Structures are given as C-alpha cells and as structure tokens.
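Throughout, a chain's letter reflects where its sequence line sits, starting with A, and its residues are numbered from 1. Treat the numbers as computed from the prediction; the structure is a model and nothing was measured.
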Amino acid sequence: AQSVTQLGSHVSVSEGALVLLRCNYSSSVPPYLFWYVQYPNQGLQLLLKYTSAATLVKGINGFEAEFKKSETSFHLTKPSAHMSDAAEYFCAVSFQAGTALIFGKGTTLSVSS
Amino acid sequence: GAVVSQHPSRVICKSGTSVKIECRSLDFQATTMFWYRQFPKQSLMLMATSNEGSKATYEQGVEKDKFLINHASLTLSTLTVTSAHPEDSSFYICSASGSQETQYFGPGTRLLVL
C-alpha cells in the first residue's frame, strides 16, 4: 500500500539555520510528490511539487526538495530559516492525476530568534 | 495560481441541526473535488471524492447519509453535515483538481457543534 512517512513530528531551528524536513514514501509506481504548508486555522498552501521532471524542485519562499528514487525520499530544505517559516508542513503523495492525496502526519517547524 | 474558496470560514451550530459548507474553484474548472477532515494537531483525512455530475465516493467509515456531498457544477461542491453532533466538530477542508495532478486547497471551515 502507498504511504507517506514524515520523520520527526516537531523540528526546532534557530533563525538563519538550515531547515530539513524529512519525507519518505512507499510506492510501486512513480509518484507525484508534494509539500504543503499550513498556518494556524488556515488551509494548505502548495510549496512545491515533483511530477517526474527535474529531481531537484524549487518552490516558493526559498524552499526546495530533492526526489531520490533510490532512497524513496523527498526531503524539504531551506538554507536559512525565517521566523515566518514557523508552521505545519505536510508531505503528500498521489499516483494519478485527479486522485486523492495521501498525507504524512505533518511536521511542526518552530523557529527561534 | 489557482484559488479555492470555502464558505463559511467558521460556523457554530446547535446539536441536531444541519450545516452546509461550500467549496468553490474561482479561476479554474474543477473536475474533481475532495473533502478532508482535520482534527487538532493531526493530519488531513480524506472523507470523500466528488466528480461533477456524479455521486461522491466516500472513504471507509464515513457515513454518506450524514455527510452529504453535492458537486453540481465544475466550480462548486457542497458538504452538508446533517443532524450535527458535538463529535462532528472539526476543521473541514476542501481541495479541487483540474486536469493536472495538483490539488488546490480551500482555507477551511471550522465547525463547532454545541
């Protein structure tokens, strides 16, 4: 069965530090992979997506993610954290356009000054 | 980018009443819309998938008679929580998908049943 695992329910970094949020998936077919961000009491905003083109995907707000098939991973990174990056981050996968997303459990990112 | 709206953003109702939540794709035609439910500090759980003009497909454990979904047009889907009870209190989020693989999410509706 397809699934998504986000390692670490809570990640804390200092402002200016590297952000690394981990996501692994299991799939028997090539997946579409997504990272979404959710601020309190709001919906989800798409950060970036992988759809079988370039393996290094650049998204909004300075985030990027690299698809590594051999590791079945799609980790999210940002070189320098800002206070405004504090939010909940969800990794998600789908296997066909127009089908529902399977979400990871989410990672809460805290940024301290 | 694609925009999805939800209305209302927040609703408080009495136990036993019904509540309707609207989800609209504002600048694209959504062939498929999805309804998710999110409990505090948890991930999103898919409730149902709806395609325009056809009956919704509900996930296992979701009562279709309690959560009525209508997808009457390519830009509008509605979720009606019938005879709401306090355990139905949650954050309901819709998403819409056009011809591509990306889903765009609405801002969510906070339902509180007293």
At a cut-off of 3.5 Å, what donor and acceptor atoms pair up between chain A and chain B?
unit_1, atom_1, unit_2, atom_2, d
A/Y36, OH, B/Q103, O, 2.7
A/Q38, OE1, B/Q38, NE2, 3.0
A/Q38, NE2, B/Q38, OE1, 2.9
A/N41, OD1, B/R110, NH2, 2.8
A/G43, N, B/P107, O, 3.1
A/K49, NZ, B/E101, OE2, 3.1
A/K49, NZ, B/T102, OG1, 2.6
A/T99, O, B/Q103, NE2, 2.9
A/L101, N, B/Y36, OH, 3.3
A/G104, O, B/S43, OG, 2.6

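In terms of the salt bridge (Lys or Arg N to Asp or Glu O under 4.0 Å) criterion, residue partners of A/E64 (sequence neighbours excluded) are, by chain and number, A/K58.
Under the 4.5 Å side-chain heavy-atom criterion for grouping Ile, Leu, Val, Met, Phe, Trp and Tyr, A/V37 is connected to A/L48 within one hydrophobic cluster. In the hydrophobic cluster analysis, where Ile, Leu, Val, Met, Phe, Trp and Tyr join through side-chain heavy atoms closer than 4.5 angstrom, A/F103 is grouped apart from A/L33. By the criterion of side-chain heavy atoms lying less than 4.5 angstrom apart, applied directly or through intervening Ile, Leu, Val, Met, Phe, Trp or Tyr residues, B/L76 is not grouped with B/V11; the two fall into different hydrophobic clusters. Following chains of ILVMFWY side-chain contacts shorter than 4.5 Å, one can reach A/L47 starting from A/V4, so the two form part of one hydrophobic cluster. Put simply, A/F63 and A/L56 are part of two different groups of oily side chains (I, L, V, M, F, W, Y) that touch within less than 4.5 Å, one to the next.
With a threshold of 4.5 angstrom between heavy atoms, A/F90 approaches chain B through side-chain atoms but not through N, CA, C or O. Both the backbone and the side chain of B/L44 come within contact range of chain A, judged by heavy atoms closer than 4.5 Å. Only the side chain of A/L46 comes within contact range of chain B, with heavy atoms under 4.5 Å apart.
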